Amino acid sequence: MVFETSKATETCSNIKGKKTDSEGFTVKAMMKNSIVRAPPAAGAFKERPAKPTAFRKFYERGDFPIALEHDTKGNKIAWKIEIEKLDYHHYLPLFFDGLCETTHPYEFFARQGVHDMLEHGGPKILPVIPQLIIPIKNALNIRNRQVICTTLKVLQHLVVSADMVGEALVPYYRQILPIFNIFKNVNTNSGDGIDYSQQKRENIGDLIQETLEAFERHGGEDAFINIKYMVPTYESCLLN
(Lines give C-alpha, C1' and ligand atoms only; values in the text may rest on other atoms or scores of the structure.)
Protein backbone atom coordinates (compact mmCIF):
# COMPACT_ATOMS: atom_id res chain seq x y z
CA MET A 1 0.00 0.00 0.00
CA VAL A 2 2.83 2.40 0.85
CA PHE A 3 4.51 1.61 -2.50
CA GLU A 4 1.29 2.27 -4.49
CA THR A 5 0.71 5.59 -2.69
CA SER A 6 4.23 6.83 -3.42
CA LYS A 7 3.90 5.77 -7.04
CA ALA A 8 0.61 7.72 -7.41
CA THR A 9 2.21 10.79 -5.83
CA GLU A 10 5.13 10.59 -8.27
CA THR A 11 2.73 10.33 -11.23
CA CYS A 12 0.77 13.41 -10.07
CA SER A 13 3.96 15.44 -9.73
CA ASN A 14 5.01 14.46 -13.30
CA ILE A 15 1.61 15.56 -14.64
CA LYS A 16 1.89 18.88 -12.81
CA GLY A 17 5.33 19.55 -14.28
CA LYS A 18 4.36 18.67 -17.84
CA LYS A 19 3.94 21.53 -20.34
CA THR A 20 0.87 21.41 -22.56
CA ASP A 21 0.11 23.21 -25.81
CA SER A 22 -3.04 25.30 -26.01
CA GLU A 23 -4.65 27.85 -28.28
CA GLY A 24 -4.71 31.51 -27.32
CA PHE A 25 -7.69 33.14 -25.61
CA THR A 26 -8.93 29.87 -24.08
CA VAL A 27 -9.33 28.78 -20.45
CA LYS A 28 -6.59 26.19 -20.98
CA ALA A 29 -4.18 28.94 -22.05
CA MET A 30 -4.47 30.53 -18.59
CA MET A 31 -3.43 27.37 -16.70
CA LYS A 32 -0.06 27.21 -15.00
CA ASN A 33 1.92 24.81 -17.25
CA SER A 34 0.28 25.81 -20.48
CA ILE A 35 2.28 26.94 -23.51
CA VAL A 36 0.26 29.10 -25.92
CA ARG A 37 0.77 28.25 -29.58
CA ALA A 38 1.68 31.05 -31.96
CA PRO A 39 -1.18 32.24 -34.19
CA PRO A 40 -1.27 30.82 -37.72
CA ALA A 41 0.07 32.89 -40.62
CA ALA A 42 -2.52 35.32 -41.94
CA GLY A 43 -1.74 34.33 -45.53
CA ALA A 44 -1.89 37.87 -46.95
CA PHE A 45 0.64 36.95 -49.67
CA LYS A 46 -0.66 33.42 -50.25
CA GLU A 47 -1.81 32.70 -53.77
CA ARG A 48 -5.53 31.99 -54.17
CA PRO A 49 -6.87 29.43 -56.63
CA ALA A 50 -8.16 31.00 -59.83
CA LYS A 51 -11.69 30.21 -60.98
CA PRO A 52 -12.40 29.17 -64.58
CA THR A 53 -12.62 32.31 -66.69
CA ALA A 54 -15.29 33.29 -69.17
CA PHE A 55 -12.43 34.25 -71.49
CA ARG A 56 -11.24 30.62 -71.70
CA LYS A 57 -14.79 29.40 -72.37
CA PHE A 58 -15.30 31.90 -75.20
CA TYR A 59 -11.86 31.17 -76.67
CA GLU A 60 -12.41 27.40 -76.72
CA ARG A 61 -15.77 27.93 -78.44
CA GLY A 62 -14.03 30.00 -81.13
CA ASP A 63 -16.08 33.12 -80.34
CA PHE A 64 -13.15 35.54 -80.59
CA PRO A 65 -12.13 36.94 -84.01
CA ILE A 66 -8.45 36.19 -83.35
CA ALA A 67 -5.70 33.82 -84.44
CA LEU A 68 -2.05 33.33 -83.52
CA GLU A 69 0.45 34.80 -85.96
CA HIS A 70 4.21 34.16 -85.98
CA ASP A 71 6.70 36.67 -87.33
CA THR A 72 10.37 37.55 -86.88
CA LYS A 73 9.63 39.45 -83.65
CA GLY A 74 7.72 36.56 -82.05
CA ASN A 75 4.03 35.84 -81.57
CA LYS A 76 1.24 38.34 -82.09
CA ILE A 77 -2.52 38.33 -82.54
CA ALA A 78 -3.97 38.32 -86.03
CA TRP A 79 -7.35 40.03 -85.75
CA LYS A 80 -9.91 38.79 -88.27
CA ILE A 81 -11.71 42.16 -88.24
CA GLU A 82 -10.51 45.70 -87.60
CA ILE A 83 -10.04 46.33 -83.87
CA GLU A 84 -11.78 49.71 -84.11
CA LYS A 85 -14.97 47.97 -85.28
CA LEU A 86 -15.18 45.61 -82.28
CA ASP A 87 -18.02 45.88 -79.76
CA TYR A 88 -15.95 47.10 -76.80
CA HIS A 89 -18.81 46.62 -74.30
CA HIS A 90 -18.76 42.92 -75.16
CA TYR A 91 -15.11 42.08 -75.88
CA LEU A 92 -13.01 44.33 -73.62
CA PRO A 93 -14.42 42.98 -70.29
CA LEU A 94 -13.94 39.43 -71.57
CA PHE A 95 -10.29 40.05 -72.42
CA PHE A 96 -9.77 41.68 -69.00
CA ASP A 97 -11.35 38.58 -67.45
CA GLY A 98 -8.60 36.55 -69.10
CA LEU A 99 -5.87 38.39 -67.15
CA CYS A 100 -6.29 35.69 -64.47
CA GLU A 101 -4.96 33.08 -66.91
CA THR A 102 -1.40 31.76 -66.50
CA THR A 103 -1.29 29.03 -69.16
CA HIS A 104 -0.58 29.31 -72.88
CA PRO A 105 -2.27 30.28 -75.16
CA TYR A 106 -4.95 31.84 -72.93
CA GLU A 107 -2.52 34.06 -71.04
CA PHE A 108 -0.93 35.38 -74.25
CA PHE A 109 -4.21 36.07 -76.07
CA ALA A 110 -5.78 37.81 -73.04
CA ARG A 111 -2.75 39.99 -72.30
CA GLN A 112 -1.97 40.93 -75.90
CA GLY A 113 -5.64 41.32 -76.76
CA VAL A 114 -6.14 43.83 -73.95
CA HIS A 115 -3.13 45.89 -75.07
CA ASP A 116 -4.27 45.82 -78.71
CA MET A 117 -7.78 46.96 -77.80
CA LEU A 118 -6.48 49.73 -75.52
CA GLU A 119 -4.15 50.89 -78.30
CA HIS A 120 -6.97 51.27 -80.83
CA GLY A 121 -10.02 51.88 -78.64
CA GLY A 122 -9.95 55.66 -78.23
CA PRO A 123 -13.34 57.02 -77.07
CA LYS A 124 -14.84 53.50 -76.92
CA ILE A 125 -12.87 52.70 -73.75
CA LEU A 126 -14.28 55.26 -71.27
CA PRO A 127 -17.91 53.97 -71.28
CA VAL A 128 -16.69 50.43 -70.54
CA ILE A 129 -14.67 51.30 -67.40
CA PRO A 130 -17.37 50.15 -64.88
CA GLN A 131 -17.40 46.71 -66.53
CA LEU A 132 -13.62 46.34 -66.14
CA ILE A 133 -13.41 46.79 -62.37
CA ILE A 134 -14.51 43.29 -61.30
CA PRO A 135 -12.12 41.53 -63.75
CA ILE A 136 -9.26 43.78 -62.54
CA LYS A 137 -10.12 43.10 -58.90
CA ASN A 138 -10.34 39.34 -59.52
CA ALA A 139 -6.95 39.28 -61.27
CA LEU A 140 -5.25 41.11 -58.41
CA ASN A 141 -6.99 39.09 -55.69
CA ILE A 142 -5.63 35.71 -56.75
CA ARG A 143 -2.24 37.13 -55.65
CA ASN A 144 -0.24 35.30 -58.29
CA ARG A 145 2.98 37.30 -58.89
CA GLN A 146 2.91 36.88 -62.68
CA VAL A 147 -0.78 37.87 -62.88
CA ILE A 148 -0.26 40.91 -60.64
CA CYS A 149 2.64 42.15 -62.80
CA THR A 150 0.61 41.68 -65.99
CA THR A 151 -2.41 43.48 -64.49
CA LEU A 152 -0.28 46.40 -63.25
CA LYS A 153 1.16 46.93 -66.75
CA VAL A 154 -2.37 46.81 -68.19
CA LEU A 155 -3.54 49.43 -65.65
CA GLN A 156 -0.65 51.72 -66.63
CA HIS A 157 -1.72 51.38 -70.28
CA LEU A 158 -5.40 51.84 -69.38
CA VAL A 159 -4.99 55.24 -67.68
CA VAL A 160 -3.30 56.73 -70.77
CA SER A 161 -5.46 54.94 -73.37
CA ALA A 162 -8.08 57.68 -73.68
CA ASP A 163 -9.15 61.02 -72.22
CA MET A 164 -10.81 60.97 -68.77
CA VAL A 165 -10.08 57.27 -68.16
CA GLY A 166 -7.71 58.06 -65.28
CA GLU A 167 -10.36 60.21 -63.60
CA ALA A 168 -13.05 57.59 -64.22
CA LEU A 169 -10.99 55.05 -62.22
CA VAL A 170 -10.80 57.21 -59.05
CA PRO A 171 -14.20 56.09 -57.60
CA TYR A 172 -13.03 52.48 -57.90
CA TYR A 173 -9.75 52.83 -55.97
CA ARG A 174 -11.32 51.16 -52.92
CA GLN A 175 -11.79 48.00 -54.96
CA ILE A 176 -8.47 48.07 -56.81
CA LEU A 177 -5.90 49.42 -54.33
CA PRO A 178 -6.10 47.07 -51.28
CA ILE A 179 -3.78 44.57 -53.02
CA PHE A 180 -1.43 47.48 -53.89
CA ASN A 181 -1.14 48.26 -50.19
CA ILE A 182 -0.29 44.63 -49.35
CA PHE A 183 2.37 44.15 -52.03
CA LYS A 184 3.77 47.70 -52.19
CA ASN A 185 6.95 46.84 -50.28
CA VAL A 186 7.53 43.46 -51.94
CA ASN A 187 10.77 43.96 -53.82
CA THR A 188 13.11 41.25 -55.05
CA ASN A 189 16.44 41.78 -53.32
CA SER A 190 19.23 39.81 -54.96
CA GLY A 191 22.05 41.24 -52.87
CA ASP A 192 25.16 42.01 -54.93
CA GLY A 193 23.83 40.12 -57.95
CA ILE A 194 21.90 41.60 -60.84
CA ASP A 195 18.16 41.86 -60.27
CA TYR A 196 16.91 40.67 -63.65
CA SER A 197 13.28 41.18 -62.60
CA GLN A 198 13.83 44.95 -62.79
CA GLN A 199 15.11 44.67 -66.37
CA LYS A 200 12.01 42.66 -67.36
CA ARG A 201 9.73 44.97 -65.34
CA GLU A 202 8.52 42.12 -63.14
CA ASN A 203 9.37 43.63 -59.77
CA ILE A 204 5.99 44.00 -58.05
CA GLY A 205 7.00 46.79 -55.66
CA ASP A 206 8.42 48.94 -58.46
CA LEU A 207 5.43 48.29 -60.73
CA ILE A 208 2.99 49.25 -57.98
CA GLN A 209 4.87 52.51 -57.41
CA GLU A 210 4.83 53.27 -61.15
CA THR A 211 1.12 52.47 -61.37
CA LEU A 212 0.20 54.67 -58.40
CA GLU A 213 2.18 57.55 -59.91
CA ALA A 214 0.34 57.04 -63.22
CA PHE A 215 -2.98 57.07 -61.34
CA GLU A 216 -2.04 60.34 -59.63
CA ARG A 217 -0.84 62.04 -62.83
CA HIS A 218 -3.94 61.13 -64.84
CA GLY A 219 -6.58 60.92 -62.10
CA GLY A 220 -7.29 64.60 -61.59
CA GLU A 221 -7.26 66.66 -58.41
CA ASP A 222 -8.96 64.00 -56.25
CA ALA A 223 -6.58 61.20 -57.19
CA PHE A 224 -3.86 61.74 -54.57
CA ILE A 225 -6.11 62.00 -51.53
CA ASN A 226 -7.95 58.83 -52.57
CA ILE A 227 -4.71 56.95 -53.19
CA LYS A 228 -3.35 58.12 -49.83
CA TYR A 229 -6.48 56.86 -48.07
CA MET A 230 -5.99 53.34 -49.45
CA VAL A 231 -2.16 53.27 -49.50
CA PRO A 232 -1.05 55.42 -46.53
CA THR A 233 2.69 55.09 -47.28
CA TYR A 234 2.35 56.54 -50.78
CA GLU A 235 4.00 59.93 -51.29
CA SER A 236 2.88 62.25 -54.07
CA CYS A 237 5.00 62.41 -57.22
CA LEU A 238 3.49 65.82 -58.08
CA LEU A 239 3.39 67.70 -54.77
CA ASN A 240 6.95 66.88 -53.65
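A quick note: this is a predicted structure, and the numbers were derived from the prediction, not measured.
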Query raised in the report: Got a donor-acceptor contact below 3.5 angstrom from the His157 side chain to the Lys153 backbone?
Result: no
Requested in this report: Classify the ring geometry between Phe215 and Phe180 as parallel (under 30°), tilted (30 to 60°) or perpendicular (over 60°).
Outcome: parallel
Query raised in the report: Distance from Ser236 atom OG to Arg217 atom CZ, nearest 0.5 Å?
Result: 9.0 Å
Query raised in the report: Name the one of Val170, Asn181, Asp222, Leu177 that satisfies side chain to side chain contact (heavy atoms under 4.5 Å, CB included) with Ile227?
Result: Leu177
Report task. Flag the pair Met230 / Asn226 as yes when at least one side-chain heavy-atom distance between them is below 4.5 Å, and no otherwise. Result -> no
Query raised in the report: Do the side chains of Phe95 and Ile66 get nearer than 4.5 Å, heavy atoms only?
Result: yes
**Report entry** Lys228 (side chain) donor-acceptor with Tyr234 (main chain) under 3.5 angstrom
**Finding:** yes
Query raised in the report: Are Ile148 and Asn144 side-chain neighbours, meaning at least one heavy-atom pair lies under 4.5 Å?
Result: no
Query - Residue pair Glu167 / Gly220: nearest heavy atoms and the distance that separates them - result: CG-N, 3.9 Å
Query - Other residues, nucleotides, ligands: >12 heavy atoms within 6.0 Å of Arg174 CZ - result: no
Requested in this report: Could you walk me through whether Ile208 and Asn185 pass side-chain contact (heavy atoms from CB on, under 4.5 Å), step by step?
Outcome: CA-CA 9 Å; Ile208 287 175; Asn185 295 319; over 6 Å; no
Query raised in the report: Centroid-to-centroid, Trp79 to Phe109, below 6.0 Å?
Result: no
**Report entry** Minimum heavy-atom distance Thr53-Asp97, with the two atoms named
**Finding:** CB-OD2, 3.2 Å
**Report entry** Atom CD of Glu221 with >12 non-hydrogen neighbours under 6.0 angstrom
**Finding:** no
Report task. For this output row, return yes or no: ring centroids of Phe96 and Phe55 closer than 6.0 angstrom. Result -> no
Query raised in the report: Cation over ring, Arg56 on Tyr59, under 6.0 Å and within 45°?
Result: no
Query raised in the report: Among side-chain atoms of Gln146 and Thr102, is any donor-acceptor pair under 3.5 angstrom?
Result: no
Query - Side-chain touch Lys51/Ile142, heavy atoms, less than 4.5 angstrom - result: no
Requested in this report: Taking the side chain as every heavy atom from C-beta outward, state whether Val165 and Val160 have any atom pair closer than 4.5 Å.
Outcome: no
Query raised in the report: Do Tyr229 and Tyr173 have their ring centres less than 6.0 Å from each other?
Result: no
Query raised in the report: Any sub-3.5 Å donor-acceptor pair from Gln131's side-chain atoms to His89's backbone N or O?
Result: yes
**Report entry** Atom CD1 of Ile225 with >12 non-hydrogen neighbours under 6.0 angstrom
**Finding:** no
Query raised in the report: Which pair of non-hydrogen atoms, one from Val147 and one from Cys100, has the smallest distance, and what is that distance?
Result: CG2-O, 3.8 Å
Report task. Kindly compute the distance separating CD1 (Ile125) from CG (Leu132), expressed to the nearest 0.5 Å. Result -> 9.0 Å
Report task. State the CG-CG distance between Leu140 and Leu152, to the nearest 0.5 angstrom. Result -> 6.5 Å
Query - Separation of Glu235 CD from Glu216 CD (nearest 0.5 Å) - result: 10.0 Å
Query - 4.5 Å side-chain heavy-atom contact, Pro135 and Leu94 - result: no
Requested in this report: Kindly give the heavy-atom pair with the smallest separation between Tyr88 and Pro93, and that separation in Å.
Outcome: O-CD, 3.3 Å
Report task. Using a 4.5 Å cut-off on heavy atoms from C-beta on, say whether the side chain of Gln156 contacts that of Leu207. Result -> yes
Requested in this report: Taking the side chain as every heavy atom from C-beta outward, state whether Asp163 and Leu126 have any pair of such atoms under 4.5 Å apart.
Outcome: no
Requested in this report: Let me see the working for Glu101 and Arg111 under salt bridge (charged side-chain N to carboxylate O under 4.0 Å, His left out), right down to the final yes or no.
Outcome: CA-CA 9 Å; Glu101 296 288 354; Arg111 171 173 48 82; over 6 Å; no
Query raised in the report: Charged N to carboxylate O below 4.0 Å: is that the case for Glu84 and Lys124?
Result: no
**Report entry** Spatial distance of atom CD1 (Ile136) from atom OH (Tyr172) [nearest 0.5 Å]
**Finding:** 10.5 Å
**Report entry** Phe64 and Lys80: CA distance, side-chain angles, deciding distance, side-chain contact (heavy atoms from CB on, under 4.5 Å) verdict
**Finding:** CA-CA 9 Å; Phe64 292 130; Lys80 297 176 182 177; over 6 Å; no
Report summary line: For Ala139 and Leu99 the tightest heavy-atom approach is CB-CB, 4.1 Å
Query raised in the report: In a check of side chain to side chain contact (heavy atoms under 4.5 Å, CB included) between Ile176 and each of Leu155, Thr151, Thr211, which one passes?
Result: Leu155
Query - Gap separating the CE atom of Met164 from the NE2 atom of His218, nearest 0.5 angstrom - result: 13.5 Å
Query - Leu68 reachable from Tyr106 in the ILVMFWY side-chain graph, under 4.5 Å edges - result: yes
